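As structure tokens, the structure follows; a few thoughts come after it.
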Amino acid sequence: MAKLTVEDLELKGKKVLMRVDFNVPLKEVDGQQEVANDNRIVAALPTIKYVLSHGGRAVLFSHLGRIKSEDDKPALSMKPVAQRLADLLGQPVTFVPAIEGPELEDAINKLEDGQVLIFENTRYADVVDGEVVKRESKNDPALGAYWASLGDIFVNDAFGTAHRSHASNAGIAANIAQTAAGFLMEKEIKFLGGAVENPERPFVAIIGGAKVSDKITIIQNLLEKADKVIVGGGMAYTFAAAKGEKIGNSLFEEDKVELAKQLIADAGDKLVLPVDAVAADKFANDADSYVAEGDIKDGYMGLDIGPKSVELFKSVLADAKTVVWNGPMGVFEMPNFAKGTLAIGEELVKVTEKGATTIVGGGDSTAAVQQLGVADKLSHISTGGGASLEYLEGKTLPGIAAISEK
Ligand code: AMP
């Protein structure tokens, strides 16, 4: 990959600004905020440890939740995160309760090689004296330049915000000599970027989930890049309607029918649609259901792909060398309608074992593969919901564009 990574940097004695994704859930225990789930902190440890063990002086920062008023600030302080990070790193972490000013500057100047500090939630900058100013979220140039002035080099390891141009990613990068990807960011670029830019073929994309309107740009982009695009989930019924099939009470977007017809006509056999559905008489796990081939009976709705679709999709996946999956094949939250999604997850494990690169592109599909217990058997599970969607749409992500080339 052509982007600079943390391993390319000379770190010893350097003040290393590090944008991490510590946007973690908090919970209140005895009136104090505590980290409720530290997965994201654990995930960032390799990059942080690398910088510290190579003599860098790490200055960490992240956003945490959304700040819309002064009242939001106390419950969204980074302090509990700093505590948990210290526990996980097994070394002291200085917490600076400020995002700018002399206290922060002094603390950074006092850092020694291998030491780490974290400053306050970057989104504190979005509200100043009670006024919503979005200095962080709207990338105020002065703020990015100020933060850049605090360090020598910049490591961005926060893929989840890479699709946004914020002061704490693009703003700093525009004002500092070198910006490098951390290990998490590097992995996302390697897998998601590699799949859409330079996939080993056959490249098969599987798109599911609720709505055509949410995923249409992805389908269009991947129809250009992939060898086959499988469409399942709720959105498949708008395509079925476009083919003239009866879809009962299934999810349906009338204003997307023409577009679906167009895609079917243009894509030919590149677009692979379900050939049957598990149709239910209500949106509930205990619904009365049957397998519908073609038309769905009045009063019934398609909640999962049927067994023949599973076989068809498996045959398309069989010789794939790269697979990107975004969105479930049905209402996987209900066990009776999770079979299609489960079967695809299991098939992906098989093709991974045969040497294919398999990538799950964030959001609900990530939840699905975790629920199915197959997450650790696939090549890559993307962590960024919005960011991975925009990557698959073929958009340029400002946070990634701002990383220096090697
Ligand atoms: P998305 O966020 O677009 O990936 O959509 C995920 C959601 O789509 C999940 O909550 C699924 O339950 C839902 N979904 C998938 N298939 C269907 C379907 N056939 N009917 C209704 N909802 C569905």
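Here the structure is a predicted model, which is why all the values come from computation and not from measurement. All ligand and atom numbering here is 1-based and tracks the order in the structure.
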So which heavy atom in the protein is nearest atom 6 (C) of ligand 1, and how far is it from that ligand atom? D364 OD2, 3.1 Å
Carboxylate-amine/guanidinium proximity below 4.0 Å for D286 and K282: yes
What orientation do F191 and H380 show, parallel under 30°, tilted 30 to 60°, or perpendicular over 60°? parallel
Taking all non-hydrogen atoms of both residues, which atom of G114 and which atom of Q91 are closest, and how far apart? O-NE2, 3.1 Å
Check step by step if ring pair (Phe, Tyr, Trp, His ring centres under 6.0 Å) holds for Y290 and Y300. CA-CA 9 Å; Y290 77 102; Y300 282 72; 5.3 Å; yes
Please work out which of A210, A236, S365, P274 has its closest non-hydrogen atom nearest to atom 8 (O) of ligand 1. A210
On the 0 to 90° scale, with breaks at 30° and 60°, tag the F61-W147 ring pair as parallel, tilted or perpendicular. parallel
Heavy atom to atom 12 (O) of ligand 1, shortest distance: which of M334, E333, M329 holds it? E333
Does any N or O atom in D304 lie less than 3.5 angstrom from one in ligand 1, N or O only? no
Minimum-distance protein heavy atom relative to atom 1 (P) of ligand 1: K215 NZ, 3.7 Å
Check each atom of ligand 1 against the heavy atoms of G302 and keep those under 4.0 Å away; list them by number with element. 18 (C), 19 (N), 20 (N)
Report yes if some N/O of N326 lies less than 3.5 Å from some N/O of ligand 1; otherwise report no. no
Looking only at protein heavy atoms, which one is nearest to atom 15 (C) of ligand 1, and how far off is it? G330 O, 3.2 Å
The answer for which part of M301 has a heavy atom under 4.0 Å from ligand 1 is neither
Below 3.5 Å, N or O to N or O, backbone or side chain included: is there any such pair between G234 and ligand 1? yes
Determine whether the side chain, the backbone, both or neither of Y237 has a heavy atom under 4.0 Å from any heavy atom of ligand 1. side chain
Show the atoms of ligand 1 that are less than 4.0 angstrom away from any heavy atom in L251. 20 (N), 21 (C), 22 (N)
Applying a heavy-atom cut-off of 4.0 Å, say which part of V331 lies close to ligand 1: side chain, backbone, both or neither. both
Let me know which of N198, V323, L222 forms a side chain to side chain contact (heavy atoms under 4.5 Å, CB included) with F203. L222
Contact (N/O only, under 3.5 Å) between G209 and ligand 1: no
Check against ring pair (Phe, Tyr, Trp, His ring centres under 6.0 Å), Y237 and F252: CA-CA 6 Å; Y237 301 102; F252 177 55; over 10 Å; no
Could you tell me whether a side-chain N or O of Q33 sits under 3.5 Å from a main-chain N or O of A75, the two making a donor and an acceptor? yes
Could you tell me which residues satisfy salt bridge (charged side-chain N to carboxylate O under 4.0 Å, His left out) with E10, sequence neighbours excluded, listed by chain and number? none
